[in-house]
Every structure is written in structure tokens, then in C-alpha cells.
Amino acid sequence: MVNLDKMLELCRTRQWKIEDLDWTVKPRPLSREEEIMIVQFFTDMSGIERLAGALFAEQERRAETPILREIFASFVVDEERHAIAAEKLANHYNVHQYKTYELSKDLQKFRPHFLNAVRHVSPEIANAYITAGELMLDIALLRSLNDFVNDDMSHQVMDLINRDEARHVAMDYHMTEYYASAAYQAKVRAEPSPSILDRARASWYVGNMFYHARPFMMAVFLAPMEIVDPQGERLREAIKRMQLLTAKPDVAKRPLARFMNGVRTLHNTPVIGDLFGNVLSRIVGAPSEFLVNLYSEEEAQRARQMSMEQLADEALAAKYTGAHHDDVPVKAATLGKSKGKAATERSSANLGVSGA
Ligand SMILES: [Fe+2]
Ligand SMILES: [Fe+2]
């Protein structure tokens, strides 16, 4: 488990400011098409970062201890900073102002349903959403987008965002372990169960969210990924990390993991998958790409034996394979940290937050 005192200390000491970065550097020359795409990507990224912020605000609201509350409150601050950084990047690359940019309509439609749903689902489910969302965002979208933009300003911002995300992902896995634990489940069983009305309300909100989830994912995630990750490598890597997390015995027992794994099994069953693939994809609100088995039995076996921190570290390491960091100077001098130090901050073990 993560050492929460050390984590909180890191949350306090590793804050940074948008103004710490040198925004005067000139962007590399972009074609008209590239500029329009990149500015739109960063515009939508700001919206996604704010969704992550809303989820952490929910985690903060329901935190069971003051230390967790403070950690999640700092993550809310981080995500708002990421949203502003994304807006600044959109501005930075909007050199020719070819058009007016606005948040994707599908993202705007999804947002209120998403906020309603996270307020009404259990903290365990809210944590599952943020864990999945951050894996997709960090391992797949941001990394691929940064490679695609291939420019110093974007690299500088992403390096700082990644520093924050290493803490977030470590906590996402920590909370996944906590919610799946026998101790937490016993605690939930001892509490009065929600009324039928509350359950009906939660189902209604979740159903509405799933309905809007698919177009949202297509517009702000899968369509950009087709451009910035045409081979689908990073997308598969992120989905694989989620699937491996649900291979952990305690996690696999939980209803959401059982449901998702059940749908995935059906989707991968000959005939059933061919006939009902679209229906299954609609039921879980996720495109078919998410419902393919991406790991071998050997990898699942290995994941089962690993600790949550090791799994979180491996997920974080996955996004750095072939990263730009080896060949592009990282401008972190203003933050009083060397490039070498930035590189060591990428795993939760190296974050120094592993419990005894
Ligand atoms: Fe973020
Ligand atoms: Fe995050």
C-alpha cells in the first residue's frame, strides 16, 4: 500500500505553476491541417482534465480520513492546472487562428451526465472510472499527442503533468486495492444498504452516462488516437493495463470487474461476439476496441502475483517506452530539478511512497 504521509508530502512539495514554464519559445512550423488538429486536441484535453478534476473532487468529498481528503484535494488542484496548461498549449499552437475552437459537443453533452453519475455511484465505482480514465489519458492519449506534436513546449508541459500523474496513478491503484479488500467490503456490508429509490436513481444516472459515453469516447479519444497513434499501440497498451488490473483476484471478484470481464468474454466468444458485438459494446458504453483480450494467460498470472504498486509502476513505465526524454532537453531548471531527477520520479516506488 502507498505510504499516505509520504504521498501527502509529495503532493505538497511537487506543486508547480504554469508561469514556471517559458511560454515565449516559438512552436515548430505546422501545416494548416496540423495546427487545426493540434489546437482542437489541446482544447478537448482541457475538458478531459476538468472531468478528472471533478472525479477527484468527488473522491475528496467522500474521503474517509483527513489525509486522503487532503491528497485528493491536491489532485483537484493538479487537474485544474493541467486543464489550464492544455488551454495555454491550445493558444500557443493557434498561431494562424484559422478558426474558433470550442470543446467537442460530445464532451459537453457527456459532462453533466458524467457528473450526475459519479455523485450517485459508490466510491468504489467512481474510483474505477478515474483509474480507467487516467490510464487511457496518461498512457495512451497524452503520450501519443505529445509525440505527434513533437515540440519543446508540449514536451515541457507534459513532463510536468506526468510528474503529477505518477502520484495520481499510484493513488488510483492504492484505492482500487483498498476498495477490493475484505476489510472494506465488510465495512460496506455493515452499513445500511441504499434505498430502492437511491438505487433506481443511481441506475438512471449511470444508464444516461453510458448512453453518452460512447460518442464522447469516439470524439475526444478514439478519433484523435487514430491520428496520433495510427497503429493503435498505445491504445492497446492502456487497455491491457486495465484488463490486467481486473485480473487481480480481489479486484476480479468485484461486481464491476465481473460485469466488464463477463462482457469481454462474451464479446470474444465466436458467433456471440460476431452477432452481438455492437450490442455488448453499447451496453458497457465502450467501443469494441476495449472488449478484445489483450493479455496472455502468462501475463495475467504474473499480474496476479504482483503487488498493486508494482502494477502501478509498470503501467507508468509503459508510457515511457521510446519516450522523447532521451533526446529532447527537458526544461525543468526553473523548477530546481534536473532531468535525471524527473526521470526517476516516474514510478510510485521511486516516488518513495511505498508502505513498509
Ligand atoms: Fe491530469
Ligand atoms: Fe490525473
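In each ligand, atom 1 is the first atom listed, and ligand 1 is the first ligand listed.
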Q.
My understanding is that only residues two or more places apart in sequence, or in another chain, count here; which of them pass salt bridge (charged side-chain N to carboxylate O under 4.0 Å, His left out) with E299?
A. K240
**Q.** Exercise: do Q156 and D152 side chains pair donor with acceptor under 3.5 Å
**A.** yes
Q. Can E314 and R302 be said to form a salt bridge (Lys or Arg N to Asp or Glu O under 4.0 Å), step by step?
A. CA-CA 12 Å; E314 210 174 69; R302 192 172 152 267; 2.5 Å; yes
Q. Q301 and R304: side-chain donor and acceptor closer than 3.5 Å?
A. yes
(Q) Taking ring-ring contact (aromatic ring centres under 6.0 Å, His included) as the definition, give me every residue that meets it alongside F216, ordered by chain and number, with sequence neighbours left out. (A) F110
Q: For Y205, enumerate each residue passing the ring-ring contact (aromatic ring centres under 6.0 Å, His included) test, keeping only those at least two apart in sequence or located in another chain.
A: H120
Q. Tell me, which protein N/O/S atoms are under 2.8 Å away from the Fe ion (ligand 2)?
A. E79 OE2, E134 OE2, E165 OE1, E165 OE2, H168 ND1
